Amino acid sequence: MQPIYSPTSIEQETQKAWDEARAFKATEVSDKPKYYCLSMFPYPSGKLHMGHVRNYTIGDVLARYHRMKGFNVMQPMGWDAFGLPAENAAIANNVAPAAWTYSNIDYMRTQLKSLGLAVDWDREIATCKPDYYKWEQWLFTKLFEKGLIYKKTAPVNWDPVDNTVLANEQVIDGRGWRSGALVEKRDIPMYFMKITAYAEELLAGLDTLQGWPEQVRTMQRNWIGKSFGAEVHFPYESGNGVLKVFTTRPDTLMGATYVAVAAEHALATEAAQGNAELAAFIEECKHGSVAEADMATMEKKGLPTGRFVTHPLNGEKLPVWVANYVLMGYGEGAVMAVPAHDERDFAFAAKYKLPIKTVIRTSAGDATPAPWQDAYAEQGVCIQSGKYDGLDFTQASDAISTDLQTKGLGAKRTQFRLRDWGISRQRYWGCPIPIIHCASCGDVPVPEKDLPVVLPEDVKIDIGSPIKKMPSFYETSCPKCGGKAERETDTMDTFVESSWYYVRFACPDSTNAMVDARGKYWLPVDQYVGGIEHAILHLLYARFFHKLMRDVGLVQCDEPFVNLLTQGMVVAPTFYRELGEGKKQYINPADVDVKLDDKGRPTGATLKTDGQPVIIGGTEKMSKSKNNGIDPQSLIDVYGADTARLFMMFAAPPDQQLEWSDAGVEGAYRFLKRIWAFACKNNRRIAEALSSRKLGRFDWDGEAWKNAAPSQKRARYQIHQYLQQANFDLDRHQFNTVVSAAMKILNALEEDEIVAVEARQGYTPCGNVHGEFICESMSILLRLLSPITPHIARALWLELGYGDDIQTANWPKADETALVQDEIELVLQVNGKLRGNMTVAKSLPKDDIEKLALENANVQKFMEGKPAKKIIVVPGKLVNVVV
RNA sequence: GCCGGGAUGGCGGAACUGGUAGACGCACGGGACUCAAAAUCCCGCGCUAGCAAUAGCGUGGGGGUUCGAUUCCCCCUCCCGGCACCA
């Protein structure tokens with residue numbers, strides 16, 4: 001056995017052995033229960049970042065843990081390979097997006113393998129390959145035929161200089177990131193998936209997802225946003241037609257004093273004709289981003305259209321305004337305004353001197369004078385509302401809805417916040433939308449026999465998508481009439497690929513179906529692991545897609561992911577220098593020396609190269625812009641994958657943010673070195689213990705152990721106590737305390753070295769009891785660590801002679817008999833303050849405990865001679881004397 | 001702005017259902033080994049007062065419930081994630 005821990009050779013050897021044994025190949029033939037463990041696949045951006053390492057370590061720990069617990073585990077890996085960065089890189093480096101992507105995949109695959117993941121690499125997929133996206137196109141055509149995909153216009157960010165559509169992240173302060181031109185909204189035709197048709201089911205399904213974090217379910221619930229209310233029709237004063245609005249507060253209808261429409265609303269467009277001021281305002285509304293966060297934070301502005309509508313119940317004439325805060329995409333693109341009971345309407349009315357009419361009695365009273373109070377928005381009893389006076393929220397809403405229905409001017413309605421999913425992208429590096437535009441037949445889906453529509457990979461990229469300028473791609477004939485036709489040149493949102501990849505991992509090589517019979521075996525995913533930033537969009541789209549696939553008969557279950565673990569971000573300190581004009585030069589933490597005072601508090605920092613001071617910034621998410629990323633590769637090269645994995649698991653619970661620390665990595669490495677040293681030292685003792693077990697396990701109920709020293713029994717109690725804690729924490733995915741339990745076990749074993757001498761002197765008739773204890777404890781420790789640090793665990797398992805392969809060993813379980821204790825320590829309190837403790841027999845009755853507590857000298861001291869008013873005994877925990 | 005989450009020593013974090021706050025690790029201080037350094041090992045380490053025993057204070061801030069609150073309730077501050085074309 002090597003006396004020094006050398007991770008590089010151990011890890012290379014171990015990974016080679018796994019490869020040769022095809023140790024992680026997953027098959028559908030097994031008598032064990034299946035366990036499909038999936039981590040969110042990476043975008044091949046170039047090289048692994050710490051977030052990847054964290055994500056895949058968590059997934060791998062769960063996969064390996066379940067393997068040892070007797071599951072048939074499948075853990076796959078693939079590449080979310082389409083996306084915007086490839087096009088940006090292509091422009092910057094003059095390479096084709098495909099070539100850039102494939103070379104990134106090759107490099108990152110090597111990196112992932114060096115982490116020692118228990119992945120079945122035979123199942124690897126890349127979403128940019130035609131054999132993958134063919135099935136996406138196939139499903140698209142099915143959904144198109146079913147009417148679940150439709151076409152309509154929607155606003156995009158338009159760069160008028162580059163003549164291109166921009167992603168939200170490419171719009172910086174309202175300007176295009178390359179051209180600097182003022183971005184405007186432009187309506188273009190796009191394909192939409194009818195996710196709203198599944199809104200009810202997506203909402204109801206959340207209640208069944210007991211294995212998901214509550215916060216994610218709440219976020220999705222709010223995102224879907226089911227609200228109850230009424231549709232109200234305001235007849236145009238001119239007499240032609242009605243203006244429809246949706247409101248969640250029909251009870252306040254009598255307080256409506258104006259209505260507001262979005263700038264894109266038909267009424268606004270019409271009113272702007274011959275109204276230059278209004279036309280200019282609508283034009284102004286077109287600028288700025290389409291992002292909701294910007295819409296919600298911008299200054300609320302509006303202009304009157306000069307048009308009026310009639311209040312459906314009291315017949316009053318209400319002005320119609322155009323307002324920049326009304327969203328065309330939500331509801332009807334128009335709202336009724338009740339300034340007295342809605343904060344935004346109140347502010348708007350105050351700004352433009354519109355009337356405010358109080359119609360609800362709230363806890364703030366019968367009036368709504370400025371300034372705005374939150375109480376004004378409360379539900380209450382109607383006042384100044386004619387026949388509705390005295391009714392509460394529910395009664396008034398019902399009565400008003402009924403009256404509207406009678407008049408044919410509205411009805412009760414539920415409304416969802418969720419909008420249909422626009423999937424068209426005017427970009428190149430994505431899955432081509434399989435539609436052919438024919439002048440006589442319209443939009444025709446590409447027939448199955450002609451799929452896939454292959455994206456040309458050998459292209460030059462400048463501004464705009466090359467396939468839009470490539471007749472060889474778009475010129476085609478109509479599958480229906482055979483006439484001249486053109487292919488759609490838009491591609492799909494990359495969220496589409498990531499919405500179903502988990503299905504394809506079950507059968508990545510299937511050529512005759514999107515998913516074959518193997519899908520039935522593996523699905524649903526038992527454990528999904530990924531970043532919390534995907535809590536809404538990706539996870540909702542994937543749930544939606546699953547239901548679409550179910551409804552065309554591809555999958556059987558209702559939900560794709562049974563259990564979900566959302567991991568926190570990896571953050572690191574930032575360092576910078578002021579460059580003037582508010583600009584900062586960020587310096588990588590690796591290039592900085594931090595100075596500490598004699599209590600270890602940071603007092604300043606200097607750049608290593610010039611020794612001059614730098615400013616210590618905040619702790620932020622590792623990113624290029626803050627230059628605080630640390631390359632995981634350098635970590636693996638220096639310390640090995642086990643140390644990297646151990647640090648990642650130990651530094652924070654998986655769902656919290658993880659703060660990077662060089663010193664913390666050193667600590668993890670130190671622990672592995674200590675285990676190695678301990679194993680070396682006890683190598684012979686363990687071997688002897690193992691070889692003496694001719695008849696199987698050592699008998700922990702036998703005579704030899706009964707005669708062991710009390711200190712030895714305490715030591716074994718401790719080990720099993722730690723094991724029990726570790727198992728509890730593993731099942732609740734709190735891996736940092738599992739590592740801490742492993743550390744405590746090693747600490748106890750090292751302390752036990754001294755105890756052992758004493759133990760052998762007086763108590764043990766069987767000389768090898770101590771060896772048995774070390775042998776058992778070490779096997780517990782190695783198995784406990786093997787999901788987290790699989791290389792060193794396997795190497796020591798072999799070296800010490802426990803068996804062929806630790807991953808086929810049973811998962812360790814605490815021995816109940818070791819956990820039995822005769823005496824317990826009770827905490828003593830006086831008036832809830834800690835005043836001492838006492839050790840008593842576990843079986844001692846409550847009365848005796850109270851008596852003993854009152855006799856305690858320290859308790860008496862703090863009772864100051866006063867009588868006990870009350871004594872609270874918490875069994876096994878404490879005694880509190882109240883005076 | 002809206003939705004969701006978070007805040008505990010110098011730092012990362014622990015404390016399971018309201019019951020000993022600070023486990024485990026890092027950093028730091030002291031010591032051993034060494035010509036020296038590294039590595040390793042031992043001791044100390046919330047704050048304040050005290051030589052000490054010990055006492056008081058202490059889980060972002062304010063209030064409440066309770067014999068007892070990091071944990072439950074109300075209000076507030078700051079930080080982070082998401083907001084539909086980054087993935």
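Not measured: the values here are computed from a predicted model. Letters A, B, ... are given to chains in the order of the sequence lines, protein chains preceding strands, and every chain is numbered from 1. Below, each value reflects all heavy atoms present in this structure, side chains not excepted, and no hydrogens, waters or symmetry copies.
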Please pick, from B/C86, B/G12, B/G1, the nucleotide with the shortest atom-to-atom distance to any side-chain atom of A/E292.
B/G1

Nucleotide forming a Watson-Crick or wobble pair with B/C67, both distances under 3.5 Å:
B/G19

Do A/W660 and A/F647 make the cut of ring centroids closer than 6.0 angstrom?
yes

side-chain hydrogen bond (donor to acceptor under 3.5 Å, both in side chains), paired with A/R425, selected from A/T494, A/D493, A/D490:
A/D493

Could you pick out which residue, A/R835 or A/E666, lies toward the 5' side of RNA chain B when each is mapped onto its nearest nucleotide?
A/E666

Looking only at the side chain of A/N222 (C-beta and beyond, no hydrogens), which of the listed nucleotides B/G4, B/G81, B/C67 gets closest?
B/G4

For B/C67 and A/K870 - does any side-chain N or O of the residue sit under 4.0 Å from the phosphate oxygens OP1/OP2?
yes

Check whether any side-chain nitrogen or oxygen of A/T494 sits under 4.0 Å from OP1 or OP2 of B/A87, and answer yes or no.
yes

Within the pair A/N736 and B/C24, is there a side-chain N or O less than 4.0 Å away from OP1 or OP2?
no

Please say which of A/Y501, A/F82, A/W429 ends up in a ring-ring contact (aromatic ring centres under 6.0 Å, His included) with A/Y133.
A/F82

Looking for any heavy atom pair under 4.0 Å, which part of the strands does A/F862 touch: base, sugar-phosphate only, or nothing?
sugar-phosphate

OP1 or OP2 of B/U40 sitting under 4.0 Å from any side-chain N/O of A/R670?
yes

Would you say a side-chain N or O of A/Q734 is under 4.0 Å from OP1 or OP2 of B/A15?
yes

Check whether any side-chain nitrogen or oxygen of A/Q656 sits under 4.0 Å from OP1 or OP2 of B/G6, and answer yes or no.
no

